[in-house]
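Just so we're on the same page: letters track the sequence lines, and every chain starts at 1. Source: prediction; values computed, not measured.
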Amino acid sequence: MEPTQHPNDKLTPSQKKAVLHKDGPLLVIAGPGSGKTRVITSRIAALIDSGVNPRNICAITFTNKAADEMRQRAFALGKAAGTHISTFHSLCVRILRQYANFAKINPNFSIYDSAEQSQCIKQAIKTCELDTTNFSPARMLEAVSTLKNKLITPEDFEKNSDDFFSNTLAKIYQHYQNILTENNALDFDDLLMKTAYLLEDNPDICQQLGDRYKFLLIDEYQDTNHAQYKIAKSIASTHNNICVTGDPDQSIYRWRGADIRNILAFETDYPNATVVKLEENFRSTPNILKTADKLIAKNQNRKIKSLIPTRPPGEDIAVEAFEDEKYEALAVADQIKNLEDKGAKLKDIAVFYRVNSASRVIEEAFVKNKVQYQIVRGVEFYSRKEIRDLLGYLKILVNPQDEVAFLRIINTPTRGIGKTTINKIAAYADSKNVTFYDALKNVDKIDSLSKAPKAKIAVFVNMIEQFKKDVGGNVGPIAEKIFTESGLENFLSTSKDQNALENVDELINAAHEYDKQTEQPSLLDYLQQISLFSDTDTYDKTKGAVSLMTLHAAKGLEFENVFIVGLEEGMLPHERAADNEDELEEERRLFFVGITRAKTRLFISYAKYRTIRGQFQRTSASPFLYELGISLTESTEENDYEYERSHDDTEFDHYDHPSPQTPQFAIGQLVRHKKFGLGRVIKFVDMGPDSLVEIKFNAGQTKTLMLKYAKLEKIE
DNA sequence: GGACTCTTGGTTTTT
DNA sequence: CCAAGAGTCC
């Protein structure tokens, strides 16, 4: 993915070994910045040079973006046309459509994303007559996803559940799956699971796919889950020409079912595997690498691997503390201005954070300071309301069973078909065991409906039937026509959201673009493709703007200058990982990924106070910071940043109810802390049980502590 | 039936 | 703090 240059454009002996490897399993353990992507593309070229038909090569990447880049690079090396390069999910869609009857599915399936999944799981929970407070949709969905990634079917799971929770989950899972089937829909996990079972049940299909894809290359293998592992193994089963690359230290998708054992056990799995280690790093300065290495060495569950620097020593890494998240953000903006003065380009600068919500304060600071930026995956384009609405119309034309899509658009724009009417139709469909759309078509037979709604529905059905006649051929014109004739366009032009129309225009343009670039455009193919598209894929690395993204999204990228913000306990490591050693190690790997994205300059920072869910809270520095072996510098230039603190101290001073139980501290009071020793109080913020004391310790450091935890002893 | 306000509950990361 | 769902009024 990254344009890592190797000096003299020559391959190192290890790289060469991986590139020129002939038949049989190959494991490439590649550290960050080791030229891994280059090795894969060179290997594709080398295979073709040795006489392999490009059509017989299948390369699998982690994101569509990575696939695009790899395609471009492979094509640049020549002759790669015909090579299949895509993500696991895209490959699965292709396989499932081709072998739909073997997989016992309808090839016109819709692909449900998280919003649609959420609808279905809510419905499932409701059917089970359960309370959503104890069985929250998000949790259930997560549990179901985990099961699917492990290839556990509802039936299998039901058999092995013996407690209340599992039994209930089994029921919900089964219902959820039934709902998807009724809608002729697959969720992301189904794409993998159905493919895995298709291949397991049909050795002849494995054979066919093995003949088609004689050479399988999989990137980021450390982040494959069990289903993906099985799919790869099945396709390669006839020839074992499987080449996987990855770095166990960069495994950051455990929560999504990624199983690090897949890469760790590759050699036992494929006993005659050739192993190549790429430990040289062509990306970062030795300083950055030393820091990254110190951090990752703290992980217990890991295979030791070196990071061998090849670049001359660079600048020191900056680790800074700021008063709160606003100061931190302004300092980042300020520092970026400095970098620009030194000649840095905005496109070579990135800011990483742990959670998406952390982007807001950075954005505000950037807007204020006029720093151009682009967010890599902000509000996802395809999840916008207006986009979903138009896509809803398109989806039902291809898949009339898609009730979720119907419910979305039946009254958008409003056409007088309300909740009551819809409920009556749904009840009728249930009782007659027909699809929602069949019920709509037979609206005359629904006795519970009066004349007016029946007429409105007939008009709607008629409109949909008219649209159906246009399906076939190019997608752009259909999208355009439906946008106008459905009334959506008028509806949106009166909407408050100024951007809505522009967004739809963008979608229609994208559809035209698809028509241009696709040999045989079809609405079905288009819809299935964009379902797998994420906003990360639209990121433009040549744009003159700073890139803002989560640490997860940073995987596979590199930048001259990197800022990592929010190094606080609870943020990184995230609080949800706090009590689990494995998850803590994953958080450490995440930080490791962030650090190793930096080529030349790295700025790490944290805020002493942060607003979390509207609460202004004291934080403490991330334990990871102490593992880096760098001393922390406190920002002393707070006043340089023009900003009014929203919660200033006077607000606390007027706190209404000083609690009698908590002791009061006067400025200048001498105290003893059991860890930091003697010190004097320089500030006391009375907040009842949550009171804060700032103490200047004799040892030198100044700390703000929460009184209830600090266990301070007053000294006369 | 639809637009509006109010309340409640939930909050990591993504194909 | 924010989004989604329930409740209220026209």
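Regarding A:W255, its CH2 atom lies at a distance of 11 Å from the P atom of B:dT12, rounded to whole Å. To the nearest angstrom, P of B:dG1 lies 9 Å from CG of A:L449. When rounded to the nearest whole Å, the span between CG of A:D223 and P of B:dT15 equals 12 Å. Between the NE2 atom of A:H574 and the P atom of B:dT12 there is a distance of 6 Å, given to the nearest Å. We find that CZ of A:R588 is positioned 21 Å from P of B:dT13, with the value rounded to whole Å. The OH-P distance, from A:Y382 to B:dT14, rounds to 18 Å in whole Å. In this structure, A:I457 places its CD1 atom 13 Å from C1' of B:dG1, rounding to the nearest Å. Rounded to a whole Å, the CD atom of A:E575 is 15 Å from the P atom of B:dG10.
Ring geometry for A:F188 against A:H89 counts as perpendicular: the plane angle is over 60°, on a 0 to 90° scale with 30° as the lower cut. A parallel orientation is assigned to the rings of A:F591 and A:F624, their planes being inclined by less than 30° (bins at 30° and 60°).
In the set B:dT15, B:dG2, B:dT11, B:dT15 carries the atom at the smallest distance from any side-chain atom of A:T87. Of the candidate nucleotides B:dT14, B:dG1, B:dT15, B:dG1 has the atom nearest to the side chain of A:T421. The nucleotide whose nearest atom lies closest to any side-chain atom of A:V355 is, among B:dT12, B:dT15, C:dA4, B:dT12. When each of C:dA4, B:dT14, B:dT15 is scored by its nearest atom to the side-chain atoms of A:T63, the top-ranked nucleotide is B:dT15.
Between atom NZ of residue A:K395 and atom CG of residue A:D402 there is a gap of 6.0 Å, rounded to the nearest 0.5 Å.
If you check every strand for non-hydrogen atoms under 4.0 Å, A:N411 touches sugar and phosphate atoms only. Nucleic acid contact for A:F88: none, since no nucleic acid atom lies under 4.0 Å from a heavy atom of the residue. Heavy atoms of A:T414 sit under 4.0 angstrom from primed sugar atoms or phosphate atoms, though from no base atom. Backbone-only contact: A:A138 has heavy atoms under 4.0 Å from sugar-phosphate atoms and none from a base. Residue A:T420 is classed as a sugar-phosphate contact, given heavy-atom separations below 4.0 Å to backbone atoms only.
Contact check for A:M463 versus A:R415: side-chain heavy atoms found under the 4.5 Å cut-off.
With A:D249 as reference, A:R302 is the one residue of A:R302, A:K555, A:K298 to meet the salt bridge (charged side-chain N to carboxylate O under 4.0 Å, His left out) rule.
Between C:dG5 and A:K122, a contact under 4.0 Å exists linking OP1 or OP2 to a side-chain N or O. OP1 or OP2 of B:dT12 lies within a sub-4.0 Å distance of a side-chain N or O belonging to A:R576. Between A:R360 and C:dC2, a side-chain N or O to OP1/OP2 separation shorter than 4.0 Å is present. Between A:N64 and B:dT15, a side-chain N or O to OP1/OP2 separation shorter than 4.0 Å is absent. In this model, the phosphate group of B:dT15 is not approached by any side-chain N or O of A:N225 to a distance below 4.0 Å at OP1 or OP2.
A salt bridge is defined here as a Lys NZ or Arg NE, NH1 or NH2 lying under 4.0 Å from an Asp or Glu carboxylate O, and A:E364 with A:R360 meets this definition.
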